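As structure tokens, the structure follows; a few thoughts come after it.
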Amino acid sequence: MRRSNQHIMASSHNYVLGVLVFAIIQLKGIAGSHEHLQQLKSLHFSLFQHETINKTGYIIVDGIKGGAGVSQTTTPFGTLFAFQDPLTVAANRSSKLVGISEGTTVTSSLDGLRSISIAKLTLRLKNHKGSLSVVGVTDNVKSSNLPVVGGTEDFLFVHGYVTSSPLHAKSSTLVYEIGFHLYWPPYATTSS
């Protein structure tokens, strides 16, 4: 009886040792993949979108009556809005123009504060040019993250998201800070 208990204890020690070795191998794999993510090419910057009602942005279809009305921050549910807004390096409209944001939104909340947005951001930066396509839900009074779903030229294969944050409204012009958080997968970068 004593001999079989020793055999059981030895095999349970081997089992525990095997589980520990397996766990260490898995942790090394996770740490290695985290290091790999840190080595991805990335780009982070902000630009400013200037939207002037009835000049760079227009209501194409009025939403339903009886809900939220048209104001600086709301449009009626179902409103279709199209825009072609300048992107500048500072919140001042007269600062350097480096791109265009063009797209459409459909008011998707009954309170008139959220919209489904589709946009193409064409950029002409010092070291990067091309376009990014984004789609998602924007909030008219809070920051919103929209995933990047495509890109062209220098932004081909790019992943990431943009953050749209409303800053202020001056008369009929709304200003948004657009934060870019872009990452290129290893297959998209050229080797030197």
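Owing to the predicted nature of the structure, the values given are computational and were not obtained by experimental measurement.
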Short side-chain donor-acceptor distance under 3.5 Å, [Y] and [X]:
| X | Y | value |
| --- | --- | --- |
| Ser164 | Thr138 | no |
| Thr56 | His50 | no |
| Thr173 | Thr52 | yes |

Do any N or O atoms from the side chain of [X] and from the backbone of [Y] form a donor-acceptor pair under 3.5 angstrom?
| X | Y | value |
| --- | --- | --- |
| Ser165 | Ser143 | no |
| Thr79 | Thr107 | no |
| Asp154 | Lys129 | yes |
| Ser131 | Leu121 | no |

So which heavy atom on [X] is nearest to which on [Y], and how close?
| X | Y | answer |
| --- | --- | --- |
| Ser108 | Ile116 | OG-N, 3.7 Å |
| Leu113 | Ser109 | N-OG, 3.2 Å |
| Leu97 | Pro86 | CD1-CB, 3.5 Å |
| Leu87 | Leu47 | CB-CD1, 4.4 Å |
| Ser115 | Thr105 | CB-CB, 3.8 Å |
| Val89 | Val98 | CG1-CG1, 3.7 Å |

Legend entry - Identified ring pair (Phe, Tyr, Trp, His ring centres under 6.0 Å) counterpart of Phe180 within the set Phe48, Phe45, Tyr161: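 Result: among Phe48, Phe45, Tyr161, Phe45 is the only option passing the ring pair (Phe, Tyr, Trp, His ring centres under 6.0 Å) with Phe180.
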
Legend entry - Intermediate values then yes/no, side-chain contact (heavy atoms from CB on, under 4.5 Å), Phe77 and Arg114: CA-CA 9 Å; Phe77 179 77; Arg114 286 183 312 283; over 6 Å; no

Legend entry - Whether Trp184 and Phe155 hold their rings parallel, tilted or perpendicular, with breakpoints at 30° and 60°: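 Ring orientation, 0 to 90° scale: parallel.
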
Inset, instruction - For Ile178 and Ser101, run side-chain contact (heavy atoms from CB on, under 4.5 Å): C-alpha distance rounded to whole Å, both residues' side-chain angles, the deciding distance at 0.1 Å, then the answer. - result: CA-CA 10 Å; Ile178 309 297; Ser101 175; over 6 Å; no

Calculate, to the nearest 0.5 Å, the distance between atoms [atom1] and [atom2] belonging to [X] and [Y] respectively.
| X | Y | atom1 | atom2 | answer |
| --- | --- | --- | --- | --- |
| Gln84 | Thr104 | CD | OG1 | 13.0 Å |
| Thr88 | Lys96 | OG1 | NZ | 11.5 Å |
| Arg93 | Asp85 | CZ | CG | 9.5 Å |

When you group the ILVMFWY residues by side-chain heavy-atom contacts below 4.5 Å and let the links chain together, are [Y] and [X] in the same group?
| X | Y | value |
| --- | --- | --- |
| Val162 | Val135 | no |
| Ile59 | Ile53 | yes |
| Val106 | Val61 | yes |

Legend entry - Leu43 and Val158: CA distance, side-chain angles, deciding distance, side-chain contact (heavy atoms from CB on, under 4.5 Å) verdict: CA-CA 10 Å; Leu43 184 62; Val158 76; over 6 Å; no

Inset, instruction - Decide yes or no for Leu123 and His128: does some side-chain heavy atom of the first lie under 4.5 Å from some side-chain heavy atom of the second? - result: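 In short, these two side chains do not touch, never coming nearer than 4.5 Å.
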
Inset, instruction - Report the C-alpha distance between Leu182 and Leu132 in whole Å, list the side-chain angles of each, state the deciding distance to 0.1 Å, and finish with yes or no for side-chain contact (heavy atoms from CB on, under 4.5 Å). - result: CA-CA 10 Å; Leu182 308 175; Leu132 297 166; 3.9 Å; yes

